[in-house]
Structures are given as C-alpha cells and as structure tokens.
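These numbers come from a predicted model, not from an experiment.
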Amino acid sequence: MSATTIHRDRPLITAWSAVSPFGLGRDAFAAGVGRGEPAHEVPDFDTRKVLGKAGTRTFDRATGLVVTAVRELLGEAEAAQSPIATGGGTALVLGTTLGSAQSAAGFSRASFEGDKPYDVPAQLMPNVLMNGPAAATAIRFDLKGPNTTLAGGAAGGLLALGYARRLLAAGRAERAVVGAVEEQSEAREWLAGDHDQPTGEGSAVLLVETARTLPPGRRVLAELLALDVRLDVDDDPQAALAATVRDALAQADATPDQVWAAAVTGQPAEAQLAELVGAEAVSRIRTAELLGDTGSAGTVFSLTTVLSLAEHDPAAAGRLAVIASLDHQGLAACAVLRLTGGGR
C-alpha cells in the first residue's frame with residue numbers, strides 16, 4: 001500500500017530513467033547522485049554504438065540521447081516485470097530549449113558553403129526541426145499516441161509535464177512518456193554566451209499515468225498535486241518565482257513545512273526558494289550543481305533526483321517535493337508533488 005491516498009484522476013509518476021553524465025539508465029543516475037561528483041557530458045556516448053546501426057544513420061546527438069533514455073525506461077520496466085504498453089494509448093511529450101543547436105547551425109552553414117543555397121544534406125533536415133527527437137523516438141518504439149515537443153527553456157520539462165496532465169485529463173492518452181533533452185555542443189556553448197554555470201547534457205524521462213488506467217502491481221512513486229507557470233511582467237523575476245511557488249502550494253492545499261525536497265533550475269534562485277520552503281529542503285537536491293546547466297532537462301533531472309533519494313529514505317513518504325525553474329526571460333514554473341513511498 002502507498003503511504004497516501006491516491007486521487008483517481010491525478011497524474012502519477014510510476015517509472016523513470018535517464019541518460020546522464022553519470023551513465024545510461026536509472027541505476028547509473030542514482031549511483032552518480034549518491035557519489036555527488038560533478039559531471040557534465042554523457043561519457044563515451046556514440047549513438048550508433050549504443051543503439052546499433054539500424055535506423056540510426058541520420059540521428060544527431062540529441063535524438064540519440066532521448067531514444068536511449070526511452071529505451072532504458074522500457075527495458076527497465078520489462079526487467080521489473082511491469083512492462084509499459086506502447087501503441088495508440090501512449091503519448092510522448094518532450095521539453096527542449098530549441099532542439100539541437102548543433103544540427104541547426106550545421107545545416108545553415110551548409111547552405112552558405114555549397115555551390116547553391118539548396119546544396120544541403122537533405123537527409124539531415126529532420127534534425128533541424130525541434131520535434132525530430134520526439135518523432136524518431138515514437139517511430140522506434142511504436143508510441144502512436146499524441147506526440148508533442150515543447151520549447152520552453154528552463155521550464156521545458158515542467159511544461160511537458162503540464163501538457164501530459166492535460167492529455168490524460170482529456171482522455172487523449174492512457175499514459176504518457178514525459179521528459180526533456182539537451183545536448184552539449186559547440187553551438188549550444190556559443191548560444192549560452194558568458195555563463196557562470198557549465199553546460200551539461202542528457203535526457204530524463206518519466207512514465208505518467210492515472211489510477212484509472214494503472215496496471216495491477218505498478219509502483220506509484222509520486223503524485224502531481226499542482227503546477228503553476230507565469231511570466232514576469234514587472235521586471236522582478238524573483239517575485240514571479242515566489243508567487244509561482246506560493247500559488248502552486250496553495251493549489252496543492254499544502255504548507256511549506258510539508259516540503260521534503262525542493263530545487264530550482266535556470267537562474268540562480270536557491271536562496272529565494274529556501275526562504276519559501278526552508279533551507280533543509282533545498283539542501284537535499286544538488287542536481288544543477290552536479291550536472292551543470294542542462295536546459296529544459298534540468299527540472300526533470302531534479303525530479304528524478306528526488307525520486308531516487310526518496311526511494312531510500314522512509315521519511316520522504318507522504319511529504320512533498322517542489323520542483324521550480326526560472327529562466328533569464330522571466331518565465332517561472334513550479335510543480336508540487338507528493339512522494340508516495342513507492343506503494344503499489
């Protein structure tokens with residue numbers, strides 16, 4: 001039994017996996033978080049070596065990262081004797097900043113360097129589109145439900161989670177694979193400019209379901225209670241973040257003392273978040289410090305860190321996690337989740 005009563009219609013996180021600078025899969029990520037050693041690039045990642053040569057000739061790095069993350073998610077569920085159904089009932093929702101900056105830059109450069117502007121590698125055109133990784137993933141794993149990519153910078157992962165919530169509520173899907181992806185590349189480094197935080201990369205994915213369609217025996221790791229997003233219009237991004245966190249807690253009918261862990265990605269705002277939910281909660285999550293700026297994947301990595309730590313701490317069951325983001329354009333987002341203790 002879970003440590004809390006599960007609401008029939010609320011989104012539930014029932015599985016997760018990641019391809020991160022700590023390695024491939026859930027266990028590698030959990031071990032890396034436990035070690036607490038900073039790492040920014042997925043080690044020895046070669047798409048064709050990891051996924052095989054069939055169907056991967058035109059994959060760029062971002063596509064390879066997310067396809068591998070979903071492969072790990074499906075494989076780990078199969079190994080746990082709790083397979084994830086694919087087909088028309090399964091949606092895929094990915095967050096990103098702008099897709100693959102490296103692919104877009106390379107394709108654009110080819111149009112200038114060729115004899116004619118149209119002398120470009122046409123087979124690589126899908127990599128220029130932001131929805132290229134989501135499309136390739138869906139094709140490879142037969143995910144025939146709604147397929148969506150959301151460009152939202154630091155908030156991308158939370159925007160994807162909110163979109164999946166709406167899909168499930170509307171009956172458009174029975175379950176959703178939700179995540180985000182960012183690659184480390186020269187083009188992304190250049191776009192980031194003079195940045196105090198090193199850029200990191202990877203892809204983290206969640207399986208989101210509701211109690212209405214939950215298969216027998218599936219573990220429930222967390223319940224999404226609230227999600228709030230807003231744009232700073234008063235030239236005071238810290239105030240926008242504070243308002244978003246307070247409103248998300250109010251929507252969840254929760255108080256700051258119930259928060260077990262909290263994290264904010266994007267702009268540095270840990271001190272402000274600590275004032276809202278307590279320094280102890282913020283101190284538990286060091287994902288951004290370990291992985292660097294992972295863009296839209298940062299919030300999902302923060303969430304998988306919470307789930308990883310909570311699995312080994314009985315005190316987390318029934319308490320809350322606050323996952324927030326604030327980008328340089330003033331877009332603030334916050335999700336409040338109840339950690340269930342991994343009940344069935």
- Just do the side-chain contact (heavy atoms from CB on, under 4.5 Å) check on T47 and L65 with the steps written out, would you? CA-CA 8 Å; T47 297; L65 289 170; over 6 Å; no
- Quick one: closest heavy-atom pair of D232 and D236, and the distance? OD2-N, 2.9 Å
- Interatomic spacing from CG in L291 to OG1 in T265 - rounded to 0.5 Å: 11.5 Å
- Check L73, T68, L74 against S17 for a side chain to side chain contact (heavy atoms under 4.5 Å, CB included) and give me the one that passes. L73
- Note on the structure: Correct closest heavy-atom pair for G298 and T294 would be CA-OG1, 3.1 Å
- State, to 0.1 Å, how close S325 and T299 come at their nearest heavy-atom pair, and which atoms those are. CB-CG2, 3.8 Å
- Query: Have E223 and T340 got a donor and an acceptor in their side chains that come within less than 3.5 Å?
  - Reply: no
- Note on the structure: Residues T149 and A134: closest non-hydrogen pair is OG1-CB, 3.4 Å
- Query: Between R175 and L207, is there a donor-acceptor pair closer than 3.5 Å when you use the side chain of the first and the backbone of the second?
  - Reply: no
- Task: Determine whether L227 and L161 make a side-chain contact, defined as any pair of heavy atoms from C-beta on separated by less than 4.5 Å.
- Result: yes
- Query: R140 and R71: side-chain contact (heavy atoms from CB on, under 4.5 Å), yes or no, with the steps?
  - Reply: CA-CA 9 Å; R140 191 174 185 91; R71 182 196 69 177; over 6 Å; no
- Tell me, yes or no, whether the heavy-atom count around D253 atom CG, taken from other residues, nucleotides or ligands under 6.0 Å, exceeds 12. no
- Item | Hydrophobic cluster of L320, others only, ordered by chain and residue number, side-chain cut-off 4.5 Å | L225, L241, V245, L249, V259, V264, L273, L276, V277, V282, V322, L326, V336
- If we only count heavy atoms from C-beta on, is the L94 to L150 side-chain gap below 4.5 Å? no
- Please check if the side chain of S302 supplies one atom and the backbone of A263 the other of a donor-acceptor pair under 3.5 Å. no
- From L224 atom CG to L12 atom CG, the distance as rounded to the nearest 0.5 Å: 9.0 Å
- How long is the gap from CH2 on W260 to CG on L309, to the nearest 0.5 Å? 5.0 Å
- Task: Return yes if a side-chain donor-acceptor contact under 3.5 Å exists between D247 and T244, otherwise no.
- Result: no
- Spell out, yes or no, whether L231 and L158 are grouped together once hydrophobic residues are joined by side-chain heavy atoms under 4.5 Å, including indirect joins. yes
- Message: For a quick test of reading the model, state the closest non-hydrogen atom pair linking A155 to A333 and the distance between them.
- Response: CB-CB, 4.0 Å
- Scan side-chain atoms only and decide if D228 and Q251 contain a donor-acceptor pair under the 3.5 Å cut-off. yes
- Between R26 and E72, is the closest basic N to carboxylate O distance under 4.0 Å? no
- Are any non-hydrogen side-chain atoms of E270 and E289 less than 4.5 angstrom apart? no
- Would you say the side-chain atoms of R165 pair up with the backbone N or O of V208, donor to acceptor, closer than 3.5 Å? no
- Note on the structure: Residue pairs meeting side chain to side chain donor-acceptor pair (under 3.5 Å), one or both in residues 30-40, sequence neighbours left out, come to none
- Message: Can you confirm whether more than 12 heavy atoms, excluding those of F45, are under 6.0 Å from its CZ atom?
- Response: yes
- Message: Do Q267 and H328 have side chains that approach each other closer than 4.5 Å (heavy atoms only, starting at C-beta)?
- Response: yes
- S296 (side chain) donor-acceptor with G95 (main chain) under 3.5 angstrom: yes
- Query: At what distance, to the nearest 0.5 angstrom, does CG of D327 lie from CD of Q329?
  - Reply: 5.5 Å
- Other residues, nucleotides, ligands: >12 heavy atoms within 6.0 Å of D257 CG: yes
- Message: L206 vs V177, test: side-chain contact (heavy atoms from CB on, under 4.5 Å). Steps then yes/no.
- Response: CA-CA 6 Å; L206 315 165; V177 175; over 6 Å; no
- Item | Shortest non-hydrogen separation from A62 to E183 and the atoms involved | N-OE1, 3.1 Å
- Item | Donor-acceptor contact below 3.5 Å, side chain T63 vs main chain F59 | no
- Item | pair R218-S82: side-chain heavy atoms closer than 4.5 Å | yes
- Task: Start with the C-alpha distance between E174 and T90, add both sets of side-chain angles, then the distance that settles side-chain contact (heavy atoms from CB on, under 4.5 Å), and finish with yes or no.
- Result: CA-CA 6 Å; E174 296 176 6; T90 304; over 6 Å; no
- Task: Over 60° means perpendicular and under 30° means parallel, so classify the ring planes of W16 and F29, tilted if in between.
- Result: perpendicular
- Query: Do T210 and D9 come close enough that some side-chain heavy atom pair is under 4.5 Å?
  - Reply: no
- Message: Nearest 0.5 angstrom please: L92 CG to I139 CD1, how far?
- Response: 11.0 Å
- Message: Any carboxylate oxygen within less than 4.0 angstrom of a Lys/Arg side-chain nitrogen, looking at R10 and E209?
- Response: no
- Item | Test log, rule salt bridge (charged side-chain N to carboxylate O under 4.0 Å, His left out), inputs E182 and R61 | CA-CA 9 Å; E182 296 287 357; R61 190 171 182 86; over 6 Å; no
- Message: For residues 203-243, which residue pairs pass the ring-ring contact (aromatic ring centres under 6.0 Å, His included) check, not counting sequence neighbours?
- Response: none
- Query: Any donor and acceptor pair, going by atom type alone, linking the side chain of S308 with main-chain N or O of T305 inside 3.5 Å?
  - Reply: no
- Item | Note: D142-K144 ion pair, threshold 4.0 Å (strictly below) | yes
- Item | Distance, nearest 0.5 Å, that separates NE2 of H312 from CG of L307 | 11.0 Å
- Are any of the side-chain heavy atoms of Y163 and L159 separated by less than 4.5 Å? no
- Message: Between Q258 and T255, is there a side-chain donor-acceptor contact under 3.5 Å, judged purely by atom types and distance?
- Response: yes
